[in-house]
2 protein chains.
Amino acid sequence: MKISTRGRYALRVMIDLAEHNSGEYIPLTDIAGRQEISEKYLESIVSMLSKSGFLMSLRGKGGGYRLTRLPEDYSVREILEVTEGSLAPIACLEQPTNTCPRASVCKSLDMWQGLYDVMRDYLSGISIADLAADTMEPGNFII
Amino acid sequence: MKISTRGRYALRVMIDLAEHNSGEYIPLTDIAGRQEISEKYLESIVSMLSKSGFLMSLRGKGGGYRLTRLPEDYSVREILEVTEGSLAPIACLEQPTNTCPRASVCKSLDMWQGLYDVMRDYLSGISIADLAADTMEPGNFII
DNA sequence: GTAATTCCTACTAAACCGGTAAGTTATAGG
DNA sequence: CCTATAACTTACCGGTTTAGTAGGAATTAC
């Protein structure tokens, strides 16, 4: 029940880009250097963000990555959902991909759905701009 | 970010024992049969529950397992914490075991702490009796 | 053309997950 | 005391995921 480095690093990349949101492309070397994360590993993570439309990229000299939206228009939830695959605590909740044969008799399913909802609601209410501003308190976003 | 079979099966065992809470010891064979889970695998899961004091056990003929408390006195949270190890979404929150060197500069830490709190609050409010009764609706326990 | 940069594919060591197998110890009933 | 039952213990194992590493191809600015 852990968020992997993929999701955590993705958030750090997004925060870094929000902090250097000048309109210019930021090369991955810079981000990797500032965040002290392997550039090669970051490549695979940034690739997901790029393919999902969260980032624009430009190859070659003067190239790099930049945000496609304002920092306040990215929710932590959507970043994590793309990099982690899904935030569902159990696979049975990933409809319609997954259909558990026990669903009709499962006494825990509604409890899991409730947990999923609580997590998504919380993470939907936090933006990359909120993280970059670093003015959060643990209880701030329990809406 | 998934709850493993250990946690899910543990809940099913607890629900099963709540439904057969006659005061007698219930052999694991019965539970495994009803729940259609490998008895051998369940052994390792039930062992955790027993060592944590959630269950009493008796060996030999007439033996088995039974609850040590009333079903309403077990929260889903404590069952999952024992079987999953911890519900913390990132290791940095597992104090004092883990101390991340970036904690002082980490812009996401409070956000993760908030997620952890939201999850624990939700799961603390649901008991094994609630699950056994099967009267839950997804939104019921967002307190 | 050259340097910078993203993009793509393949590989790998270690950890974790979901079990299986075999045998040991304790208990109840006859 | 004997036997069946059932918990307990230890060891093992194949598959998947995680967290990277490596090497090169394609693209762009100057």
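Residue numbers begin at 1 in each chain, while the letters A, B, ... track the order of the sequences.
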For atom [atom1] of [X] and atom [atom2] of [N], their distance in whole Å:
{"X": "B:Glu84", "N": "C:dC16", "atom1": "CD", "atom2": "P", "value": "13 Å"}
{"X": "B:Glu39", "N": "C:dA22", "atom1": "CD", "atom2": "C1'", "value": "14 Å"}
{"X": "A:Leu28", "N": "D:dT21", "atom1": "CG", "atom2": "P", "value": "13 Å"}
{"X": "B:Lys2", "N": "D:dT18", "atom1": "NZ", "atom2": "P", "value": "10 Å"}
{"X": "B:Ile3", "N": "C:dC17", "atom1": "CD1", "atom2": "C1'", "value": "14 Å"}
{"X": "B:Glu43", "N": "D:dT10", "atom1": "CD", "atom2": "C1'", "value": "12 Å"}
{"X": "A:Leu42", "N": "C:dC8", "atom1": "CG", "atom2": "P", "value": "17 Å"}
{"X": "B:Leu49", "N": "D:dC8", "atom1": "CG", "atom2": "C1'", "value": "15 Å"}

Does the side chain of B:Ser127 pick up a donor-acceptor pair with the side chain of B:Glu72 at under 3.5 Å? no

Between the side chains of B:Thr83 and B:Arg6, is a donor N or O closer than 3.5 angstrom to an acceptor N or O? no

State whether [X] places a side-chain N or O below 4.0 Å from either non-bridging phosphate oxygen (OP1 or OP2) of [N].
{"X": "B:Thr29", "N": "D:dT5", "result": "no"}
{"X": "B:Tyr25", "N": "D:dA7", "result": "no"}
{"X": "B:Ser4", "N": "C:dC17", "result": "no"}
{"X": "B:Ser44", "N": "C:dG19", "result": "no"}
{"X": "A:Arg6", "N": "D:dT18", "result": "yes"}

Kindly say whether A:Glu81 contributes a backbone atom to a donor-acceptor pair with the side chain of A:Glu84 at under 3.5 angstrom? no

Backbone N/O of A:Met111 and side chain of B:Tyr122: donor-acceptor pair under 3.5 Å: yes

By nearest atom, which of the nucleotides [options] is closest to the [X] side chain?
{"X": "A:Lys40", "options": "D:dG23, D:dG20, D:dA6", "answer": "D:dG23"}
{"X": "A:Tyr41", "options": "C:dA26, C:dG18, D:dG20", "answer": "D:dG20"}
{"X": "A:Pro27", "options": "C:dT27, C:dC7, C:dT5", "answer": "C:dT5"}
{"X": "A:Tyr65", "options": "C:dT6, C:dA28, D:dT21", "answer": "C:dT6"}

Does A:Arg69 make a cation-pi contact with A:Phe54, if we ask for NZ or CZ under 6.0 Å from the ring centre and within 45° of the axis? no

Got a donor-acceptor pair under 3.5 Å from the side chain of B:Lys61 to the base of C:dG30? no

Toward the 5' end of DNA chain C, which comes first, A:Ser57 or A:Met1, by nearest nucleotide? A:Ser57

Can you work out whether A:Thr5 or A:Gly60 has the more 5'-proximal nearest nucleotide on DNA chain D? A:Thr5

